Protein chains: 2
Amino acid sequence: MSVTLTDVAQRCGLSASTVSRALSDPDKVSAATRERVQRAAREMGYIPNRVARSLSMGRTGTIGLIVPDIANPFFPPIIKAVQQRCAGKDLSVLLADTNEHSADELDRARTMSKQVDGLIMVSPRSPDRRVGEIAALGPTVFVNRHVPEAPSVLIESPDGMRQAVEHLTALGHRRIAYLAGPRRSWSNQQRRTAVAAACAERDAELVEFGPFEPQVQAGVRAADLLHGTGITAVIAYDDLIALGVMARMSERGLRIGVDVSVVGIDDSPLSGVAYPTLTSIHVPCAEAGTAAVDLLLDVLDEVTAEDDPAPLVELETHLVIRGSTGSAPTG
Amino acid sequence: MSVTLTDVAQRCGLSASTVSRALSDPDKVSAATRERVQRAAREMGYIPNRVARSLSMGRTGTIGLIVPDIANPFFPPIIKAVQQRCAGKDLSVLLADTNEHSADELDRARTMSKQVDGLIMVSPRSPDRRVGEIAALGPTVFVNRHVPEAPSVLIESPDGMRQAVEHLTALGHRRIAYLAGPRRSWSNQQRRTAVAAACAERDAELVEFGPFEPQVQAGVRAADLLHGTGITAVIAYDDLIALGVMARMSERGLRIGVDVSVVGIDDSPLSGVAYPTLTSIHVPCAEAGTAAVDLLLDVLDEVTAEDDPAPLVELETHLVIRGSTGSAPTG
DNA sequence: TGCAATACCGCAACCGATTGCAGCAGGAAA
DNA sequence: TTTCCTGCTGCAATCGGTTGCGGTATTGCA
């Protein structure tokens, strides 16, 4: 049904090998042959079968990308960046969404492993041991989680977190809440310790709530917990939770940015359109995606020697101040 | 390096064929053998090579998904739904983003074609001829575009559009702007004609602007065009444009929902957190994704006979009224 | 003109699984 | 005891490319 290499070869009166070379390694054949083959291939509408090629070459030209939740606005920019970077290098992207279900991560990684040249795991929720198993399946890059034995792209929350706390304390806030993300989440742990350190340094009192799922509804729930605690400022694990908090508090008559200040993390497009606009810690998602692909390609091309220490890319975050933060209410 | 079927076979003192059958068609071998093979496979950590399987079976167990822009909040829910549906059927998803570049669609489809069992094209921007070429590459389902010769999942804007216009005219608006999306976009054409029809029916005046890219910035630009036109209500091609309009107008001191009403389309999560919350036409993205996969599987399993008319799934839309629309300003 | 070097091309094995067909052994029936 | 059948397993071809190796024709140089 579909045109194969052999078909093209027959049409040209050549062998499949020659046609293969003419198409993928043009210098190996004479100019005349090359010309003839390429014309025939074009005319016949030949499309190389990547599956067959993969099998014989041992390289699939595909990378796997596993994320917890495509619908969370934090991930699309990463996915997009990975995609774009790959497209430029003639790579395809196999995407999987684990639905925030950590147990699925290993399964997905396993079924993918023989189908891809490498894997990019974003914000894996699995416990360390299972993450190790994933890494053992093949070349793997982790984003938003530090895995000592594998290349990782990290998002350095501490800077942004410190900026956020400085910003809030400068505005007079003394009691600050941190709304924690999923317990397993590496980035949550990062953020927790960072905010704790920053608060200690600034002599502000930190109260932690959670864990919460990274969803608007969780933020709505969180808002009610804050009631009557004397807290004047909130830092949420991510923008979704922050938005939920804002929505619920507004509903209850609190003025965001006046009666209470809210800080999100991710600086997703949402933060610019919310009301009031959300002060958020900017996370360079696109850069993270791009860096992950580059790291993976380094491993695949063996730029990274086997026994080198696993490379680490650390990306900075910074606070973007918008309307949701303001002076602490007096009295 | 990695354990193959043959390795398992040797360990068991069997042939590869038997092992293959024991694993994928257990009834074909004796109970004892089945047991022995399965245990060995488990112990050795055997993971079947899907690439090899694809080659010999002629089925890859993968479907391709091509979208214009992953970062546009309209698409992630679709991608997610497709993903979820596929995961349940042991299918993988190959994702490509054309960056709103219609010329890339055919390219991507072509390179994917030999690597997937079928293709789902969401909102293709290509001209009809090229869309036809894509469909000719293999089983293809189109979402958000009607392609007569191929299965399609359509989102019926007319209902939602009519509801929107009725809503606005009931509120007293007589001059309504439509901010058009990409010229090539099938859904834009749908929406244009739907809104025009609804306005004619309701005797409201319709003024069209655009085309605009489906991005917030385009909405910001659009807002300024509306100035001094006497328009009191705006229906935008999508939520992003609507949000841009709102943001810019608020900035210029207009009160959204009072001085001017804004309606978006997609009902993305954004609309709930914007200020004011955005009245939007709800589009069942998840259902569209799921339906697309089902349609594709029907074709692949030949539930759909070759010469049947191409199946069509039509999904309804409806207006969700929020804070961005209100009575037309008097005078 | 002769010989060696070189440029091209084809043969065949291979990647890892699937599957039609044939062979073998064991049990059942006569 | 013989025969036939059935159930299980192995052989070998196949999917569509890639690639090392060897052969042939051509070229270059003396």
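We name chains A, B, ... by the order of the sequence lines, and we start the count at 1 in each one. Side chains are part of it too, since the values below use all heavy atoms of this structure and drop only hydrogens, waters and symmetry mates. Remember, predicted model here, so these are calculated numbers, not experimental data.
Donor-acceptor pairing under 3.5 Å, judged by distance alone, is absent between the side chain of A:R21 and the base of D:dG17.
Between the CG atom of A:D117 and the C1' atom of C:dC15 there is a distance of 14 Å, rounded to whole Å. Across the protein-nucleic acid pair, A:D27 atom CG and C:dC9 atom P stand 13 Å apart, rounded to whole Å. The separation between B:I47 atom CD1 and C:dG16 atom P is 14 Å, rounded to whole Å. Rounding to whole angstrom units, CG of residue B:D25 and P of D:dC8 are separated by 12 Å. Here the P atom of nucleotide D:dT14 and the CG atom of A:L5 are 17 Å apart, to the nearest Å. Rounded to whole angstrom, the span from the CZ atom of A:R53 across to the C1' atom of D:dG17 amounts to 8 Å. Between the CG atom of A:L55 and the P atom of D:dT14 there is a distance of 17 Å, rounded to whole Å. If you measure from atom CG of A:L23 to atom P of C:dC9, you get 13 Å, rounded to the nearest angstrom.
Between B:S123 and the options B:T98, B:N188, B:N144, B:D69, a side-chain hydrogen bond (donor to acceptor under 3.5 Å, both in side chains) holds for only B:N144.
For B:S20, a side-chain nitrogen or oxygen approaches OP1 or OP2 of C:dT18 to under 4.0 Å. The shortest distance between the side-chain N/O atoms of B:S56 and the OP1/OP2 oxygens of C:dT18 is not below 4.0 Å.
With hydrogens and angles left out, the side-chain atoms of A:S126 and A:E133 include no donor and acceptor closer than 3.5 Å.
Using a 4.0 Å heavy-atom cutoff across all strands shown, B:K114 reaches no nucleic acid atom at all. Among the protein residues, B:R50 comes within range of no part of the nucleic acid, since none of its heavy atoms lies under 4.0 Å from any strand.
Contact detail for A:K114 and B:S2: the closest heavy-atom pair is CE-OG, 3.2 Å.
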A:R130 vs A:D104, test: salt bridge (charged side-chain N to carboxylate O under 4.0 Å, His left out). Steps then yes/no. CA-CA 11 Å; A:R130 217 170 324 128; A:D104 286 354; over 6 Å; no
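Residue-to-nucleotide proximity on DNA chain D shows that, of B:T18 and A:A52, the 5′-proximal contact is made by B:T18. When the nearest nucleotides of DNA chain C are assigned to A:M57 and B:S24 by heavy-atom distance, the more 5′-ward of the two goes with A:M57. Residue-to-nucleotide proximity on DNA chain C shows that, of A:S17 and B:T4, the 5′-proximal contact is made by A:S17.
A donor-acceptor pair is defined here as one N or O able to donate and one able to accept, closer than 3.5 Å; such a pair exists between the side chain of B:Q189 and the backbone of B:R183.
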